[in-house]
Amino acid sequence: EEPGAIGVRSAWRGAVAVASWQGDAANRDRGSGMSGIATGWDVGGAHLKVAQADGQGRLFMAAQAPCQLWMGMDRLARALKDVRRHLRPSTRHAVTMTGELVDLFPSRAQGVARLIAAMNGKLGGAETTYYAGPAGWLGAHAARRRWRDVASANWHASGWLAARRR
């Protein structure tokens, strides 16, 4: 692998987002003939993590790419571009984040809003939801309003999934 290339390693929080959201989507779509691929993202301050699962919720891909978000939003755009070359087409995306904590943003609220705008801009046309802890998966508009629930909720997604799989 060349230096800086995406290493296919465990991307736990992204995988959690995929597996948990995919399970909800599979239940919602049961009988509709949909068996699409879901993509889970964890937008961190130092890395972008991504995982994909099939229509039965089976994880088949996980990757991590450097994303020094504190250095600018262009770092996220570059990481997204690099990662997306390795993904299968997907119209369902689930996002968790901790990147709103970096010094680039004057507040967590603004960080959440800018990350949502960036992800929606790059995943345009796809069904994209953001994990908001006990509030569940929200669309972009609701996620911006409930930024306190969305901010750094990836730890909650891990616990939520573990509890569902017991």
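Residue numbers run from 1 in the order of the sequence given.
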Determine all donor-acceptor pairs shorter than 3.5 Å in which one atom belongs to a side chain in residues 99-109; sequence neighbours excluded.
unit_1, atom_1, unit_2, atom_2, d
E100, OE2, R108, NH2, 3.3
E100, OE2, S152, N, 2.9
E100, OE2, S152, OG, 2.6
S107, OG, Q110, N, 3.1
R108, NH2, S152, OG, 2.9

According to a 4.5 Å side-chain heavy-atom criterion applied to Ile, Leu, Val, Met, Phe, Trp and Tyr, with indirect links allowed, do I37 and W41 form part of one hydrophobic cluster? yes
T96 side chain to A153 main-chain N or O, any donor-acceptor pair under 3.5 Å? no
Measure across A94 and W137 and return the closest heavy-atom pair with its distance rounded to 0.1 Å. CB-CZ3, 3.6 Å
State, yes or no, whether a side-chain contact exists between M119 and L80 at a heavy-atom distance under 4.5 Å. yes
Do L138 and V95 belong together in a cluster built from hydrophobic side chains that touch within less than 4.5 Å? no
Does any non-hydrogen side-chain atom of L115 lie less than 4.5 Å from one of L69? yes
Sequence neighbours left out, what passes side chain to side chain donor-acceptor pair (under 3.5 Å) with R145? Give chain and number order. H141
In short, I116 meets A140 closest at the heavy-atom pair CG2-CB, 3.6 Å
D74/R78 ion pair, N-O < 4.0 Å: yes
How long is the gap from NZ on K122 to OG1 on T128, to the nearest 0.5 Å? 13.5 Å
Where is the tightest heavy-atom contact between C67 and A79, given as atom of each residue plus distance? CB-CB, 4.0 Å
Looking at D149, V43, N120, which one forms a side chain to side chain contact (heavy atoms under 4.5 Å, CB included) with Y130? N120
Taking side chain as C-beta onward, heavy atoms only, is R84 less than 4.5 Å from V50? no
The side chain to side chain donor-acceptor pair (under 3.5 Å) partners of R75 (sequence neighbours excluded) come to Q68
Would you name the heavy atoms of V112 and A143 that are closest together and state the gap between them? CG1-O, 4.3 Å
Looking only at heavy atoms, which two atoms of L59 and Q52 are closest? And how far apart? CD1-O, 3.3 Å
Report yes or no: do E127 and T91 form a side-chain donor-acceptor pair below 3.5 Å? no
Scanning both residues in full, the closest heavy-atom pair of P66 with H47 reads CA-CD2, 3.9 Å
